[in-house]
Amino acid sequence: LRIINGVSAPQLRYPYTASLQLNKQHYCGGALVAPDIVVTAAHCAEASPIITLGRYDLDDPLDSDYEESSVTRAIIHPQFDKVVVDNDVALLLLEKQSIHPYIRINNSPNIPIDGEELTVMGWGDIDDHPTVKEVSDELREAEVWYLTNSKCEESKGIINTSNGFQEASYKGELTDNMMCAKDHIGTVSDACQGDSGGALVRTGTHPTGEDDVLLGLVSWGYGCADPN
């Protein structure tokens with residue numbers, strides 16, 4: 001998934017953010033959750049990516065102050081269901097420990113609360129047209145708001161797809177292993193292709209994210225930044 005109508009993130013704000021790459025090309029995001037473990041979406045972990053940490057501008061030839069690491073083992077959730085995209089989570093064990101700080105995983109059932117503002121980030125597609133792919137060089141962020149699954153299931157509308165306009169609804173599409181977030185301030189910000197596996201976080205006050213909390217991962221959705 002991709003960041004649509006977001007903004008360039010502050011350069012040092014999210015040091016735990018990982019870029020999963022094949023042949024030097026970004027294809028998914030992830031988050032460092034231990035010195036040698038990156039969490040990502042399960043549908044991103046079936047390849048054999050190189051993990052980069054400490055990147056900001058992926059197209060900057062002068063940027064050499066970052067880490068690259070191979071994956072020694074990918075642990076995909078044993079109940080990952082490709083059809084309904086349930087349990088879409090995987091752990092990537094790195095060949096070496098990272099020098100970058102990692103993010104704490106939420107362990108409270110009371111977080112987040114309905115309507116809470118959260119942040120999603122990534123290097124994915126920045127064009128909302130379904131047949132146009134324009135990835136971001138710089139890490140981008142967007143503010144979204146959490147909504148309960150019951151409210152999320154009420155969402156429906158007509159979306160623009162590569163096969164034309166189609167009706168879509170989340171009714172009956174969600175499981176207890178999923179959570180929803182949306183934009184509701186009129187900018188129609190969203191995540192989409194290329195942002196999959198990236199972090200959905202409750203941001204803290206520390207300028208380099210030391211008190212951020214990981215709440216979820218970008219997984220799937222109907223359309224990207226579609227106001228309908």
Is there a side-chain contact (heavy atoms from CB on, under 4.5 Å) between V201 and I103? Walk through the geometry before answering. CA-CA 9 Å; V201 306; I103 186 171; 3.6 Å; yes
In the structure I gave you, are the side-chain heavy atoms of [X] and [Y] within less than 4.5 Å of one another anywhere?
X: I51; Y: L94; result: yes
X: S98; Y: P35; result: no
X: Y56; Y: E138; result: yes
X: H100; Y: E67; result: yes
X: D36; Y: K96; result: no
X: L200; Y: L217; result: no
X: P49; Y: V71; result: yes
X: D81; Y: N87; result: no

Heavy-atom count check: over 12 atoms from other residues, nucleotides or ligands less than 6.0 Å from [X] [atom1]?
X: K151; atom1: NZ; result: no
X: Y146; atom1: OH; result: yes
X: D176; atom1: CG; result: no

Give a yes or no on whether [X] and [Y] share a hydrophobic cluster (residues Ile, Leu, Val, Met, Phe, Trp, Tyr; joining criterion: side-chain heavy atoms under 4.5 Å apart).
X: I50; Y: L32; result: no
X: L147; Y: V218; result: no
X: L174; Y: F80; result: no
X: V89; Y: V84; result: no
X: L12; Y: L214; result: no

Rounded to the nearest 0.5 Å, what separates atom [atom1] in [X] from atom [atom2] in [Y]?
X: I75; Y: L91; atom1: CD1; atom2: CG; result: 5.5 Å
X: E143; Y: T203; atom1: CD; atom2: OG1; result: 6.5 Å
X: W123; Y: D57; atom1: CH2; atom2: CG; result: 10.0 Å
X: E141; Y: Y14; atom1: CD; atom2: OH; result: 3.5 Å
X: N177; Y: D86; atom1: CG; atom2: CG; result: 4.5 Å
X: E210; Y: T205; atom1: CD; atom2: OG1; result: 10.0 Å

Between [X] and [Y], is any side-chain donor less than 3.5 angstrom from a side-chain acceptor?
X: T52; Y: E68; value: no
X: T148; Y: D114; value: no
X: H206; Y: D211; value: no

Give me the atom names and distance for the closest heavy-atom approach of [X] to [Y].
X: L215; Y: M179; answer: O-SD, 3.5 Å
X: A18; Y: L53; answer: CB-CD2, 3.7 Å
X: C44; Y: Y27; answer: O-OH, 2.8 Å
X: Y66; Y: R55; answer: CG-CD, 3.0 Å
X: Y102; Y: V33; answer: CD1-O, 3.4 Å
X: D88; Y: A42; answer: OD1-N, 2.8 Å

Any chance you could lay out the side chain to side chain donor-acceptor pair (under 3.5 Å) test for T72 and E95, step after step, and finish with the verdict? CA-CA 6 Å; T72 60; E95 64 175 344; over 6 Å; no
Test side-chain contact (heavy atoms from CB on, under 4.5 Å) on T119 and R202; report intermediate values, then the result. CA-CA 6 Å; T119 301; R202 169 192 264 190; over 6 Å; no
For L93 and V38, run side-chain contact (heavy atoms from CB on, under 4.5 Å): C-alpha distance rounded to whole Å, both residues' side-chain angles, the deciding distance at 0.1 Å, then the answer. CA-CA 7 Å; L93 278 59; V38 165; over 6 Å; no
Step-by-step side chain to side chain donor-acceptor pair (under 3.5 Å) determination, Y16 to D212: CA-CA 10 Å; Y16 47 78; D212 290 357; 2.7 Å; yes
Is it the case that the side chain of N23 and the backbone of Q25 share a donor-acceptor pair, with hydrogens and angles ignored and the cut-off at 3.5 Å?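 Checking the backbone N and O of Q25 against the side chain of N23, no donor-acceptor pair under 3.5 Å is found.
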Run the numbers on H43 and S196 for side-chain contact (heavy atoms from CB on, under 4.5 Å), then give the verdict. CA-CA 8 Å; H43 73 265; S196 286; 3.1 Å; yes
